[in-house]
Chemist: 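Pasting in a structure now, in structure tokens, and then I'll have a few things to ask.
Each chain gets a letter, A, B and so on, in the order its sequence line appears, and its residues count up from 1.
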Amino acid sequence: MNSKRYTITAALPYANGPLHIGHIAGAYLPADIYVRYLKSKGHDVAFICGSDEHGAAITLRAKKEGKTPQQIVDENHTIIEKAFADFGIDFSIYHRTSSKIHHETAAAFFTDLHQKGAFTQETSNQFYDEEQQQFLADRYIIGTCPKCGFDGAYGDQCEKCGSTLSPADLINPTSAISGNTPVLKETTHWYLPMNRHEKWLTEWLDKGTLDGKPHHNPKQWKKNVIGQCKSWIDNGLQPRSITRDLDWGVKVPVKGGEGKVLYVWFDAPIGYISATKQWAANNNKNWEDYWKNPETELVHFIGKDNIVFHAIIFPIILKLHGEFNLPTNVPANEFLNLEGNKISTSRNWAVWLHEYLADFPNKQDELRYVLTSIAPETKDSEFTWKDYQARVNNELVAILGNFVNRTVVLTHKYFEGKVPELNSISVEAQNVLEQIGTITKNVENLITQFKFRDAQTEAMTLARLGNKYLADTEPWKLIKTDEEKVKTILHIALQICGGLATIFTPFLPKTATKLAQFLNISLDEKLVAGHQINQPELLFQKIEDEEIETQIKKLSTREHAPLLQTPLKKIKPMKEEITFDDFTKMDIRIGTILTAEKHPDADKLLKLTVDTGIDTRTIVSGIAQHYNPEEIIGKQVSVLVNLAPRKIRGIESKGMILMAENTEGNLAFVSPEKVIDNGGEVR
RNA sequence: GGCGAGGUAGCUCAGUUGGUUAGAGCGCCGGAUUCAUAACCCGGAGGUCGAGAGUUCAAAUCUCUCUCUCGCUACCA
């Protein structure tokens with residue numbers, strides 16, 4: 001087998017919170033399995049990961065907790081790094097983007113591309129806090145989420161419903177620093193004109209060719225990855241801002257970049273490169289071998305939320321630079337749900353890795369097995385504690401653990417723990433020995449195709465084969481009549497155990513090591529007759545009902561309030577004082593909704609006709625997610641009738657229905673407490 | 001609304017370029033067995049393959065319409 005060189009990356013976790021099982025199942029565990037397999041085959045692998053430590057979410061949190069951003073990321077980096085180490089994800093290096101070497105690398109990358117004319121500069125209006133005299137990063141703007149109505153949504157994302165937002169989307173934006181209403185002010189940023197790269201990207205994704213030369217086999221890429229990238233390209237790629245007005249991050253290293261830093265899309269993926277540099281320096285290697293030698297395979301393991309960054313944006317950056325390899329595959333997984341709901345950091349609906357490790361000490365492989373069994377490789381999948389228990393008890397304990405145990409126990413019982421001779425080999429026995437090789441081959445093929453779930457299932461069939469072989473040959477009966485045959489049987493059963501140790505190494509590294517210890521061999525050593533094996537312990541313990549119930553209870557009784565943040569201001573501050581005249585400019589009347597129907601081109605809008613007493617008019621209102629059209633017909637509501645008409649999604653809306661909103665973002669009509677004639681004034 | 005990915009046995013999932021009675025593991029039921037963590041082994045039941053229509057000698061597999069889930073994206077008080 002010829003040895004190749006691989007650079008394997010796993011998505012950089014954001015250093016703003018701990019890891020949960022969704023992260024593990026989606027990216028880190030498949031990557032780890034792949035890497036352990038490659039290493040076992042003698043390949044040269046750099047397995048790269050690290051904390052993504054920049055961004056406004058961290059500065060904001062630092063400000064709130066009265067710490068420096070560095071303190072925040074130091075804390076989280078330590079927690080995450082430890083959880084990975086305890087769980088047994090075997091990174092070559094777990095690095096961090098706040099390091100000096102990363103800042104230098106990212107800045108140099110920017111400078112290089114800037115000199116090549118790869119960027120454009122654009123001036124736009126951004127929110128600016130006049131009191132603090134600074135531009136507000138998306139995260140620094142808090143307002144009402146337009147999707148779910150949550151009152152503490154950030155300018156880039158709503159932590160409640162998870163929607164991706166832009167600051168202009170927010171209703172009633174306020175500055176997270178001062179609480180003031182921000183103003184729009186001009187600022188200039190660097191953009192990556194992705195539209196320039198559509199042509200070669202399309203060819204690269206469709207045919208797997210780069211500059212006309214074969215690069216990778218697109219058939220091995222997952223459908224969801226190709227599909228989403230094509231979708232983006234078909235809709236036309238847009239120039240994308242790669243700098244931000246913020247003081248925490250990699251400083252923009254060119255003229256005019258004062259007070260600006262590189263944005264995450266640009267900064268974080270380069271973290272893979274800087275981490276590799278650090279690792280190479282520590283281990284006396286040449287990092288360029290892992291990024292610039294075209295023989296080296298580059299594979300990014302990520303979740304589906306990261307697809308376009310790794311399969312479009314980062315490749316553009318790498319190709320612009322000109323010396324770097326592009327990924328030969330980007331195996332993105334879908335999402336893992338938990339007990340019927342989406343995993344949510346902010347709602348604390350998650351199984352945290354560090355908590356699992358504390359609650360289930362030395363059960364890393366049990367979690368690895370279950371998460372691989374249900375890995376969301378082709379669609380979202382679901383983790384339940386009952387399923388965890390069933391898989392551990394019925395598969396790991398009953399099939400794998402039990403086979404190893406019965407084989408080793410029988411060997412001790414009949415042959416004092418010495419591997420017996422392989423005597424005459426029957427056809428069946430020969431068949432079984434061949435199966436060990438066949439199954440091993442199958443598992444390897446599946447791993448190289450990134451089908452880890454299938455690969456693990458196939459590995460399990462070797463243990464099934466072992467159990468069946470023992471049941472078929474019944475050595476416990478035969479021992480009374482034909483000891484020579486029993487020797488052969490147990491020899492073969494022990495060979496299966498040896499095969500299991502090898503085959504499960506990438507999936508269950510601790511178990512494989514333990515099994516090798518029972519057999520008293522190293523993992524690449526063959527068992528020979530006469531070899532003394534050790535007394536076994538149990539490979540796996542059953543998971544009792546109480547343990548599972550405890551976990552389920554823990555999930556359901558835990559505080560589901562946001563874990564990481566509470567909005568700074570639940571109740572918005574009073575607006576500036578106005579005069580009575582200002583108030584009387586608004587003409588608010590009581591009207592009755594006559595008809596209501598869904599807006600044909602929008603999910604959240606209803607098209608209403610309202611009798612205002614003055615007239616009957618059309619009003620478009622964004623309440624479709626709160627009310628069904630049928631239920632509101634005939635309802636009396638308050639209407640701002642003298643608001644300038646405006647076209648909303650193609651339909652002219654004349655006036656506005658007044659809505660009251662609670663802190664959860666639920667809307668309610670402001671209706672008169674008893675029936676009032678239409679046209680009645682509100683004052 | 002647009003785009004992408006999905007909807008196959010109770011659960012987690014396979015089903016290659018359309019081809020005989022639709023598969024696997026686990027669960028369930030029955031049998032056999034006792035070396036083993038009441039485990040293993042054998043057998044069985046369970047699916048109008050999201051719905052409908054079409055193409056075809058033949059469709060889970062191709063086309064169209066609809067529907068539900070997830071993601072991206074648009075609109076919005």
Chemist: Could you work out the separation of B:C28 and B:A22 based on their P atoms and round it to a whole Å?
Modeler: 26 Å
Chemist: Does either side chain, that of A:Q220 or that of A:N329, offer a donor lying less than 3.5 Å from an acceptor on the other one?
Modeler: no
Chemist: If you look at every strand shown and take non-hydrogen atoms under 4.0 Å, does A:A390 touch a base, only sugar-phosphate, or nothing?
Modeler: nothing
Chemist: Side chains of A:F669 and A:K635: closer than 4.5 Å at any heavy-atom pair?
Modeler: yes
Chemist: With the 90 degree cut-off around zero defining syn, does B:G46 come out syn or anti?
Modeler: syn
Chemist: What does A:K477 touch in the nucleic acid at a heavy-atom separation under 4.0 angstrom: a base, only the sugar-phosphate, or nothing?
Modeler: sugar-phosphate
Chemist: Between P on B:G4 and CH2 on A:W221, what's the gap in Å once rounded to a whole number?
Modeler: 19 Å
Chemist: Which residue lies toward the 5' end of RNA chain B, A:S373 or A:W232, if each is placed at its nearest nucleotide?
Modeler: A:S373
Chemist: Measure from the side-chain heavy atoms of A:T378 and tell me the nearest of B:G27, B:C13, B:G25.
Modeler: B:C13
Chemist: What's the CZ-C1' distance between A:F403 and B:A36, to the nearest Å?
Modeler: 11 Å
Chemist: Could you give the CG-to-P distance, from A:N224 to B:G7, as a whole number of Å?
Modeler: 13 Å
Chemist: Nearest heavy atom decides the nucleotide; on that basis, is A:E382 or A:L396 closer to the 5' end of RNA chain B?
Modeler: A:E382
Chemist: Under 3.5 Å, side chain of A:D380 to main-chain N/O of A:F335, donor-acceptor pair present?
Modeler: yes
Chemist: May I ask you to say whether A:E444 pairs ionically with A:K441, meaning some side-chain N is under 4.0 Å from a carboxylate O?
Modeler: no
Chemist: How long is the gap from CG on A:L462 to OG1 on A:T440, to the nearest 0.5 Å?
Modeler: 6.5 Å
Chemist: Using the C1' atom as the reference point in each nucleotide, state the distance between B:G27 and B:G71 in Å, no decimals.
Modeler: 31 Å
Chemist: Rounded to whole angstrom, note down the C1' distance from B:G47 over to B:C66.
Modeler: 23 Å
Chemist: A:K542 side chain N/O closer than 4.0 Å to the phosphate oxygens (OP1, OP2) of B:A38?
Modeler: no
Chemist: Between B:A39, B:C41, B:C70, which one does the side chain of A:K468 approach most closely?
Modeler: B:C41
Chemist: So, does A:N405 get its side chain near the phosphate of B:A39, meaning an N or O under 4.0 Å from OP1 or OP2?
Modeler: no
Chemist: Check the distance between B:C26's C1' and A:L400's CG and give it to me in whole angstrom.
Modeler: 15 Å
Chemist: Check whether any side-chain nitrogen or oxygen of A:R391 sits under 4.0 Å from OP1 or OP2 of B:G25, and answer yes or no.
Modeler: no
Chemist: Phosphate oxygens OP1/OP2 of B:G7: is one of them under 4.0 Å from a side-chain N or O of A:K379?
Modeler: yes
Chemist: Looking only at atom C1', what distance separates B:U73 and B:A45, rounded to whole Å?
Modeler: 47 Å
Chemist: For the rings on A:F360 and A:Y388, is their centre-to-centre separation under 6.0 Å?
Modeler: yes
Chemist: On a whole-Å scale, what distance lies between the P atoms belonging to B:G30 and B:C70?
Modeler: 39 Å
Chemist: Could you measure between the two P atoms, the one in B:A24 and the one in B:A5, and give it in whole Å?
Modeler: 29 Å
Chemist: Could you give the OH-to-C1' distance, from A:Y414 to B:U34, as a whole number of Å?
Modeler: 10 Å
Chemist: Using atom P in both nucleotides, what's the gap between B:C13 and B:A74 to the nearest angstrom?
Modeler: 30 Å
Chemist: So that I can compare with my own list, what are the stems of RNA chain B, taken as at least three consecutive Watson-Crick or G-U pairs with distances under 3.5 Å?
Modeler: B:1-7 with B:67-73, B:10-13 with B:23-26, B:28-31 with B:41-44, B:50-54 with B:62-66
Chemist: A:K304 side chain: which of B:C41, B:U37, B:G71 is closest?
Modeler: B:G71
Chemist: Looking only at side chains, do A:K451 and A:N445 share a donor and an acceptor under 3.5 Å apart?
Modeler: no
Chemist: Verify, without hydrogens or angle tests, whether A:R617 (side chain) and A:V641 (backbone) share a donor-acceptor contact under 3.5 angstrom.
Modeler: yes
Chemist: Between B:A39, B:G71, B:C26, which nucleotide gets closest to the side-chain atoms of A:N402?
Modeler: B:A39
Chemist: Rounded to whole Å, please give me the gap between NZ in A:K223 and P in B:G15.
Modeler: 9 Å
Chemist: Would you indicate which nucleotide in B:U37, B:A36, B:A5 comes nearest to any side-chain atom of A:R406?
Modeler: B:A36
Chemist: If you check the A:V397 side chain, which of B:C41, B:G4, B:U37 turns out closest?
Modeler: B:U37
Chemist: Looking at A:S381, I'd like to know whether one of its side-chain N or O atoms comes within less than 4.0 Å of OP1 or OP2 on B:C70.
Modeler: no
Chemist: Starting at CG of A:N333 and ending at P of B:U12, how long is that distance when rounded to a whole Å?
Modeler: 16 Å
Chemist: Tell me what A:K413 touches on the nucleic acid: a base, only sugar-phosphate, or nothing, going by heavy atoms under 4.0 Å.
Modeler: sugar-phosphate
Chemist: Round to the nearest Å and state the distance from A:N306 atom CG to B:G71 atom P.
Modeler: 15 Å
Chemist: Measuring only the C1' atom in each nucleotide, how far is B:A39 from B:A51? A whole number of Å is fine.
Modeler: 44 Å
Chemist: Any donor-acceptor pair under 3.5 Å linking the side-chain atoms of A:E334 with those of A:S381?
Modeler: no
Chemist: Report the distance from atom CD of A:E377 to atom OG1 of A:T372, rounding to the nearest 0.5 Å.
Modeler: 8.5 Å
